[in-house]
**Q** 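Following this message is one structure expressed as structure tokens.
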Amino acid sequence: MDMAFLGDLLTSVADRGRALIGFERFAGRNRPIDRLCEDLLSGRGEASGMALAQAVLNAWEGLDRDGRRAFFSMLQERFGPDRERLGKAIEAYRKEPSTAAIAALHFASEPRRQELLRRLNLAPDGTHVLVRMREALFEAMEAEPELKAVDSDFRHLFGSWFNRGFLVLRRIDWRSPANVLEKIIRYEAVHEIQGWDDLRRRLEPADRRCFAFFHPQLVDEPLIFVEVALTSAIPHSIGELLSGEREVLSAQAATTAVFYSISNCQEGLRGISFGNFLIKQVAEDLKRELPGLDTFVTLSPVPGFARWLDGIIADPGDFHLSNEERSELARPASETGLLDDPAKARRDKLLGQMAAQYLLRARTASGRVIDPVARFHLGNGARLERINVGGNLSARGLREAHGVMVNYRYDLDDIETNHEAFATRNTVVASSGVRKLLRPAAS
């Protein structure tokens, strides 16, 4: 069904609902938003429910920052579980723990705000507004951490509404609608797109691809997108992929697909995982389109490396780091360009060893791999293939990772095995080349 037609239909139904309930009476200036929410939960018909949902969302969009924080506090305090109903369900379960009693207890324990959010989602453009609402909730949570209970309900519902089964994979190219291309420029979070000419270099050539997930309720709003370079070898640096002077390769001659940038587009969907599905589906689609592709890798940033390394420089702990090595690692990035070739080679070797230590052995207090990008790809079943010192010499690359980038390899036959190793034992599956970089621990 055409989404524009569906949107018009929903709007017509909502308009009809306004007439049925006397919309001005509900949306008037003296009708507080909490009463509108109670009315919406009172069980009115479909059309009037859509109109009330629209009234609530209109009222919410008119709130300032303090008003929105008060709204979230109201959801937490007044729209939790129905305590009386929950108490009765608990007593019934204690008397007879039957299947029916368990089901009743389950429904009674659900916060009322979950049903409220479901009904708000009925309004035209309701899904979009609720995603923006969660963005505002993140800000409110900074001042009131107890609002995490409200966020848990958003996350629970979004996990269902944005299930992979509802998502549509679309290729983005230079002929895509301008409003979509503008969002690709705006949302690119890894390697900034320097205007329309730069975007064209990333989309139009035969050896470039871009794919995005869309949701039927967020028309022309990408949820997440991945940029892909088709190459003849695994790249060492982002510069060789983004250079305007590079030689374009025909797609049929490519043997390697490089996922060099993955960007989430909707802050309100933070924590809802799309990337694992995106990479795997794009890899499968590319393999069907171009049977000559036999290697699927990333060229990924290492955003936590520099911060971790600062801590090691300050307190080496179990590392064999000489004073000279500590001084070398502490050298400002602005000075590294002045090094002669032997000094640069020594520094690069040291950085590679420390990056291997960071990715293979460094752990958080809870035992997790520290780097968030590593957790993402390893959790998806990739293998840590290669560490590239000097892979990103931009100001950001130097600041976050001393210029280090990483290739993670997606071998479609090994993804499940690698995923299980990481998920169950926290094992980082890595190539022998990466493992050889490890320095021995101090005895």
**Q** What closest approach, in Å, do Ala104 and Ala89 show between heavy atoms, and which atom pair accounts for it?
**A**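 It is O-CB, 4.1 Å.
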**Q** Tell me, which pairs form a ring pair (Phe, Tyr, Trp, His ring centres under 6.0 Å) where one or both residues lie in residues 387-438, sequence neighbours left out?
**A**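 Ring pair (Phe, Tyr, Trp, His ring centres under 6.0 Å) check on residues 387-438 returns His377-Tyr408, His377-Tyr410.
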**Q** What closest approach, in Å, do Leu378 and Ala382 show between heavy atoms, and which atom pair accounts for it?
**A**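 The answer is CD2-O, 3.7 Å.
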**Q** If every non-hydrogen atom of Leu351 is compared with every non-hydrogen atom of Phe305, which pair is closest and at what distance?
**A**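 Smallest heavy-atom distance, with atoms named: O-CZ, 3.9 Å.
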**Q** Between the side chains of Glu400 and Arg396, is the shortest nitrogen-to-carboxylate-oxygen separation below 4.0 Å, so that they form an ion pair?
**A**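 Yes, this pair counts.
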**Q** For Arg170, check side chain to side chain donor-acceptor pair (under 3.5 Å) against everything at least two apart and list the hits.
**A**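 Arg170 satisfies side chain to side chain donor-acceptor pair (under 3.5 Å) with no residue once adjacent residues are dropped.
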**Q** Could you give me the CA-CA distance, side-chain angles and deciding distance for Glu115 and Arg118, then say whether salt bridge (charged side-chain N to carboxylate O under 4.0 Å, His left out) is met?
**A** CA-CA 5 Å; Glu115 181 59 23; Arg118 290 189 191 99; 3.1 Å; yes
**Q** Passes side-chain contact (heavy atoms from CB on, under 4.5 Å), Arg246 versus Asp207? Steps please.
**A** CA-CA 11 Å; Arg246 65 179 180 81; Asp207 59 355; 2.7 Å; yes
**Q** Check whether more than 12 heavy atoms from other residues, nucleotides or ligands sit under 6.0 Å from atom CZ of Phe138, and answer yes or no.
**A**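 Counting other residues, nucleotides and ligands, CZ of Phe138 exceeds 12 neighbours.
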**Q** Can you check whether Lys287 reaches Phe296 side chain to side chain, under 4.5 Å on heavy atoms?
**A**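 A side-chain contact under 4.5 Å exists here.
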**Q** As a test of understanding, state which of Ile238, Asn388, Val373 forms a side chain to side chain contact (heavy atoms under 4.5 Å, CB included) with Ser300.
**A**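 Only match with Ser300 under side chain to side chain contact (heavy atoms under 4.5 Å, CB included): Val373.
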**Q** What verdict does the side-chain contact (heavy atoms from CB on, under 4.5 Å) test give for Tyr260 and Arg202, after you've listed the backbone C-alpha separation in whole Å, the side-chain angles of each residue and the deciding distance to 0.1 Å?
**A** CA-CA 11 Å; Tyr260 67 89; Arg202 300 195 194 191; 3.7 Å; yes
**Q** Can you tell whether the side chains of Arg288 and Asp285 come within less than 4.0 Å, N to carboxylate O?
**A**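 Judged by the 4.0 Å cut-off on N to carboxylate O distance, Arg288 and Asp285 do form a salt bridge.
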**Q** Does atom CZ of Arg171 have more than 12 heavy-atom neighbours from other groups under 6.0 Å away?
**A**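 Enclosed: over 12 neighbouring heavy atoms sit under 6.0 Å from CZ of Arg171.
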**Q** Taking Arg119 for its side chain and Leu40 for its backbone only, find out whether a donor-acceptor pair lies under 3.5 Å.
**A**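 The answer is yes, because a donor-acceptor pair under 3.5 Å joins these two groups.
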**Q** I need the minimum non-hydrogen distance between Ala233 and Thr255, along with the two atoms involved.
**A**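 Ala233 and Thr255 have their closest heavy atoms at N-OG1, 4.4 Å.
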**Q** Let's go through Asp198 and Glu192 carefully: what are the C-alpha distance in whole Å and the side-chain angles of both, what is the deciding distance for side-chain contact (heavy atoms from CB on, under 4.5 Å) to 0.1 Å, and is it a yes or a no?
**A** CA-CA 9 Å; Asp198 189 16; Glu192 183 180 357; over 6 Å; no
**Q** Is the side chain of Asp371 donor-acceptor paired with the backbone N or O of Ala374 at a distance under 3.5 Å, no angle test?
**A**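 Yes; at least one donor-acceptor contact below 3.5 Å.
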**Q** Checking Arg200 against Asp197 for the salt bridge (charged side-chain N to carboxylate O under 4.0 Å, His left out) test, could you report, in this order, the C-alpha distance in whole Å, the side-chain angles of both residues, the deciding distance, and whether it holds?
**A** CA-CA 5 Å; Arg200 187 167 191 163; Asp197 289 341; over 6 Å; no
**Q** Under the side-chain contact (heavy atoms from CB on, under 4.5 Å) criterion, do Cys37 and Phe71 qualify, and how do the steps go?
**A** CA-CA 11 Å; Cys37 290; Phe71 173 80; 4.1 Å; yes
**Q** For Met50 and Pro124, which heavy atoms make the closest approach, and how far apart are they?
**A**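 That closest heavy-atom pairing would be CE-CD, 4.4 Å.
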**Q** Would you find more than 12 non-hydrogen atoms of other residues, nucleotides or ligands less than 6.0 Å from Glu96 atom CD?
**A**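 No.
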**Q** Within a 6.0 Å radius of atom CZ on Arg65, are there more than 12 heavy atoms belonging to other residues, nucleotides or ligands?
**A**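 No, not enclosed.
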**Q** Any donor-acceptor pair under 3.5 Å linking the side chain of Arg386 with the backbone of Ile234?
**A**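 Confirmed, Arg386 side chain pairs with Ile234 backbone.
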**Q** Could you check whether atom CZ of Arg83 has more than 12 heavy atoms from other residues, nucleotides or ligands sitting under 6.0 Å from it?
**A**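 Open.
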**Q** Between atom CG of Asn121 and atom CG of Leu157, what is the distance when rounded to the nearest 0.5 Å?
**A**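 Rounded to the nearest 0.5 Å, the CG-CG separation comes out at 8.5 Å.
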**Q** Inspect the contact between Arg68 and Glu139 and indicate whether a charged nitrogen and a carboxylate oxygen are less than 4.0 angstrom apart.
**A**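 Judged by the 4.0 Å cut-off on N to carboxylate O distance, Glu139 and Arg68 do not form a salt bridge.
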**Q** Output all residues satisfying ring-ring contact (aromatic ring centres under 6.0 Å, His included) with Phe162, sequence neighbours left out; order by chain, then residue number.
**A**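 For Phe162 the ring-ring contact (aromatic ring centres under 6.0 Å, His included) partners, ignoring immediate neighbours, are Phe158, His215.
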**Q** Taking the side chain as every heavy atom from C-beta outward, state whether Ile272 and Arg155 have any pair of such atoms under 4.5 Å apart.
**A**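 Yes, at least one pair of side-chain atoms sits under 4.5 Å.
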**Q** For Glu91, is there an ion pair with Lys88 - N to carboxylate O distance below 4.0 angstrom?
**A**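 A salt bridge is absent here (no side-chain N lies under 4.0 Å from a carboxylate O).
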**Q** For the pair Glu38 and Arg35, evaluate salt bridge (charged side-chain N to carboxylate O under 4.0 Å, His left out) and give the outcome as yes or no after the intermediate values.
**A** CA-CA 5 Å; Glu38 291 288 0; Arg35 292 293 303 277; over 6 Å; no
**Q** Should the pair Asp414-Arg383 be classified as a salt bridge under the 4.0 Å nitrogen-to-oxygen rule?
**A**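 The answer is no: the pair does not qualify as a salt bridge.
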**Q** Using only atom types and a distance under 3.5 Å, with no angle test, would you say the side chain of Ser176 pairs donor to acceptor with the backbone of Leu181?
**A**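 A pair under 3.5 Å: no.
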**Q** Could you walk me through whether Asp82 and Arg112 pass salt bridge (charged side-chain N to carboxylate O under 4.0 Å, His left out), step by step?
**A** CA-CA 7 Å; Asp82 184 323; Arg112 296 171 65 227; 5.7 Å; no
**Q** Would one find more than 12 heavy atoms of other residues, nucleotides or ligands at under 6.0 Å from atom CG of Asp64?
**A**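 Correct, the count exceeds 12.
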